[in-house]
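Report on the structure given below.
Since this is a predicted model, take the numbers as computed values, not measurements. Below, read A as the first sequence line, B as the second, and so on, with proteins coming before strands; counting in each chain starts at 1.
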Protein chains: 2
Amino acid sequence: MARIAGVSVSTVSKALNGNGRMAADTRERIKSLAAEIGFRPNALARGLLSNRSFTVGLLTNDTYGRFTLPVMAGISEALVDHGVSVFLCAIEDDPELGKVHVDAMLDKQVDGIIATGKRVDRSLPVDLAGLPVPVVYAFTEGEAGSVTLTADDRHGARLATEWLQRIGRKRLVHITGPREFASAVERAEAFREVAGSAAPVLHGVWSEAWGHAAVDRLWNEGGGKPDGIFCGNDQIARGVVDALRERGAKVPEDVSVIGFDNWEIMAAQTRPPLTTVDMNLKELGREAGLMVLALAEGRTVEPGLRKLPCKLVIRESCGGGDRRD
Amino acid sequence: MARIAGVSVSTVSKALNGNGRMAADTRERIKSLAAEIGFRPNALARGLLSNRSFTVGLLTNDTYGRFTLPVMAGISEALVDHGVSVFLCAIEDDPELGKVHVDAMLDKQVDGIIATGKRVDRSLPVDLAGLPVPVVYAFTEGEAGSVTLTADDRHGARLATEWLQRIGRKRLVHITGPREFASAVERAEAFREVAGSAAPVLHGVWSEAWGHAAVDRLWNEGGGKPDGIFCGNDQIARGVVDALRERGAKVPEDVSVIGFDNWEIMAAQTRPPLTTVDMNLKELGREAGLMVLALAEGRTVEPGLRKLPCKLVIRESCGGGDRRD
DNA sequence: TTGAAAGCGGTACCAG
DNA sequence: CTGGTACCGCTTTCAA
């Protein structure tokens, strides 16, 4: 304790926290002394008093996923500036485990909880309603009246489709994931709003293989071939590009392809590199972090689902790269 | 507080913690009462006394990576059983940020720190030596005399190469990443120990494009074509498989290909799905978690670099799948 | 302007 | 076997 080094006892507290009034030089002396001996107040003790632990819990059921990771990074980044640390809790899809983790977080007096997942239309296998701390949902479904953040799928789809039109593509199709995914449905709807209600939408699974198969189907069934393909994710896009190349169709000369996710390692390594929609996940995480923080500090946050805009990342699979917006 | 509900004050503590001797029925009564009203002791207060926060910090500079995530999951999984929570700290490659996070963790009285990265031969941009808490390194370099865990690259490479031989491949080559990576070098050495010192090793970058280019080089330069290719990671393997197909060489009939990492989403989606080396990262994380825990509890752990064995995951890119070991 | 004292929510020791 | 009391490290109120 700095008391030994200094001359006083609790004055140190006031000095370091800039509280009560006191001689400026005393304060300075104590401050520099503290810095010198590297004094750091015990956050536990402090938390005991203030009932704030400067800690939030992060619950995720997405262990290997490309969604949660950027979201987590954003959260961590946003909160570290406020002296808040993040508890990482990987709960897989195990309700038991979820409960254990939530209890542990509660014991540790977290100021709030952020729940993240891999689908907006599924909730975590653990009930977070009625907890004594605020909860924010990011990329997973929360109970009615909760604060939820997600990417604006419609916006992303519109961005992609409009871009295809802008660079002169006329015959557009959309190849995407299962109808069971709300995001697949929303993207498809937005696609049709822009491309016309007759524009074909092919639902399948979220895989490269499906992208490949969809192209086969399109090319085999006769009829006008598309010159612009908007894919539901980067993996499908990759399958599409590969299939196109195998059939001798040139990308982007003959056909433009757009992906979704901007999953760097996939999008950038495809030949040619994919133009794709980026969901700003890190930003989403940052917002989520700031929101729990606000809630924890008693500020109020408007409940409901907030959709954050996407952005288009231009690479080479569309051509038209010179015509940036 | 349960005191109001019960009849006593500090007896509750003993009852709940199973400490000092007391009437069994009193204990039971208090316990059931506590369960009933959902009493949970405040971990902060408890930590203040015991000097243990039941918390460890996890430092990582790998935000999007496929290595850290499974490692993290393993850590979290191993520690939750011991009531220990994990602070997630994404520090990118920013020393400032690293210091901020480490200070925050120290303030919060973490019982220990786990550092993870993406390369065994690079250390995090923050100095963890001489900290007042134990540190364990996983998949990143620690200072001399530290406790470090990593995958056994040689073992993995041996596994792959021996498998190629076992299924009858004679002319083996190894296509891998840059010489600057210790793991690339170790794998290459192990490959040559098994395949013979004359077996060709091609160093490049860790990308699909390089895998592709390497095959072009091999097939263009004349001379005997390999019938077994061991790749330094799954991305290279994927490039190799694609290039092979474009040249009309059949995988696995004509050429067997093995990858490294078992990065599911890549390995399983390649056509054909990749046989590949799995580094048991989750297990590695689990071990790391258990080790800091041991250290935190005062048990001693033998310092030095511990290499965990790999395992071969058989899919279809090699053939010989019937001949499991 | 500074210091003494009371607690925050627990645990541990020791006298009843 | 149980309850009182001191104390963990810090903040805050209040008196000196």
Side-chain angles (χ1 to χ4, degrees), chain A residues 1-35 37-55 83-85 103-111 132-133 296-297, chain B residues 1-35 37-55 83-85 103-111 132-133 296-297:
Chain A
M1 269 309 300
R3 355 209 123 176
I4 307 153
V7 279
S8 35
V9 252
S10 62
T11 315
V12 174
S13 172
K14 283 185 284 197
L16 262 28
N17 292 309
N19 269 346
R21 290 147 318 167
M22 54 187 308
D25 63 328
T26 312
R27 169 159 299 169
E28 279 318 311
R29 196 163 51 79
I30 296 183
K31 272 192 173 173
S32 65
L33 195 60
I37 67 171
F39 171 77
R40 335 218 74 239
N42 182 327
L44 264 52
R46 181 178 278 181
L48 196 50
L49 263 305
S50 62
N51 264 321
R52 292 261 284 112
S53 61
F54 290 90
T55 274
V84 173
S85 304
D103 282 350
M105 297 190 311
L106 258 21
D107 287 353
K108 300 209 164 92
Q109 312 289 117
V110 291
D111 298 334
V133 296
E297 290 172 347
Chain B
M1 264 313 298
R3 354 209 127 176
I4 307 152
V7 277
S8 37
V9 254
S10 62
T11 314
V12 175
S13 173
K14 282 185 286 196
L16 262 29
N17 293 308
N19 269 344
R21 291 147 317 164
M22 54 187 306
D25 63 328
T26 314
R27 169 161 300 168
E28 280 319 310
R29 195 165 51 80
I30 298 184
K31 272 192 174 175
S32 64
L33 195 61
I37 66 172
F39 171 76
R40 333 218 75 237
N42 183 327
L44 265 51
R46 182 179 277 181
L48 197 50
L49 260 308
S50 62
N51 265 321
R52 293 259 286 111
S53 62
F54 291 90
T55 273
V84 173
S85 304
D103 282 350
M105 296 190 311
L106 257 22
D107 287 355
K108 298 203 165 98
Q109 312 290 117
V110 292
D111 298 335
V133 296
E297 290 172 349

Between D:dC10 atom P and A:Arg40 atom CZ, what is the distance in whole Å? 12 Å
Side-chain N or O of A:Thr26 versus OP1/OP2 of C:dT2: is the shortest distance under 4.0 Å? yes
Tightest non-hydrogen contact, residues B:Leu48 and A:Leu44, listed as N-CD2, 4.1 Å
By the 4.0 Å heavy-atom rule, please label A:Ser50 as base, sugar-phosphate, or nothing. nothing
From B:Asn42 atom CG to A:Asp107 atom CG, the distance as rounded to the nearest 0.5 Å: 8.5 Å
Within the sub-3.5 Å range, which N or O atoms of nucleotides 12-15 of chain C have a protein N or O partner, and how far apart are they?
from: C:dA12; atom 1: OP2; to: B:Asn19; atom 2: ND2; distance (Å): 2.9
from: C:dA12; atom 1: N6; to: B:Ser10; atom 2: OG; distance (Å): 3.2

Contact summary for A:Arg27 and A:Lys14, nearest pair of heavy atoms: NH2-O, 3.6 Å
Rounded distance in Å - CD (B:Gln109) to P (C:dG10): 18 Å
Would you mind telling me which of C:dG10, D:dT2, D:dG9 lies closest to the side-chain atoms of B:Ala23? D:dT2
Just jot down the side chain to side chain donor-acceptor pair (under 3.5 Å) partners of A:Asp103, sequence neighbours excluded, or say none. A:Lys99
Starting at atom CZ of B:Phe54, determine the distance to atom P of C:dT11, rounded to an integer number of angstrom. 11 Å
Measure the distance from CZ on A:Arg46 to P on C:dG9 and round it to the nearest whole Å. 18 Å
Heavy-atom closest pair, residues B:Asp111 and B:Val133: O-CB, 4.1 Å
Residues A:Ser53 and A:Gln109: closest non-hydrogen pair is OG-O, 2.6 Å
Without decimals, in angstroms, what is the distance between B:Asp107 CG and D:dC10 P? 10 Å
Can you see whether B:Lys108 engages A:Ser85 through a side-chain donor-acceptor pair at a distance of less than 3.5 angstrom? yes
By nearest atom, which of the nucleotides C:dT2, D:dC10, C:dG10 is closest to the A:Met22 side chain? C:dT2
Assign each of B:Arg27 and B:Leu48 the nucleotide of DNA chain D bearing its closest heavy atom; nearer the 5' end lies the nucleotide of B:Arg27
Round to a whole Å and report the spacing from CZ of A:Arg29 to P of C:dT2. 8 Å
Length of the line joining B:Leu16:CG and C:dG9:C1', which is rounded to integer Å: 13 Å
Based on the rotation axes of five pairs at each end, what angle does the helix from C:dT1-D:dA16 to C:dG16-D:dC1 bend through, to 10°? 50°
Integer-rounded Å distance: C:dG9 C1' and A:Asn51 CG: 10 Å
Show, in sequence, the C-alpha distance, side-chain angles and deciding distance for B:Glu297 and B:Arg52, and conclude whether the side chain to side chain contact (heavy atoms under 4.5 Å, CB included) test is met. CA-CA 9 Å; B:Glu297 290 172 349; B:Arg52 293 259 286 111; 3.7 Å; yes
Run the side chain to side chain contact (heavy atoms under 4.5 Å, CB included) test on B:Leu16 and B:Phe39 for me, step by step, so that the C-alpha distance in whole Å, both residues' side-chain angles and the decisive distance to 0.1 Å come before the verdict. CA-CA 10 Å; B:Leu16 262 29; B:Phe39 171 76; 3.7 Å; yes
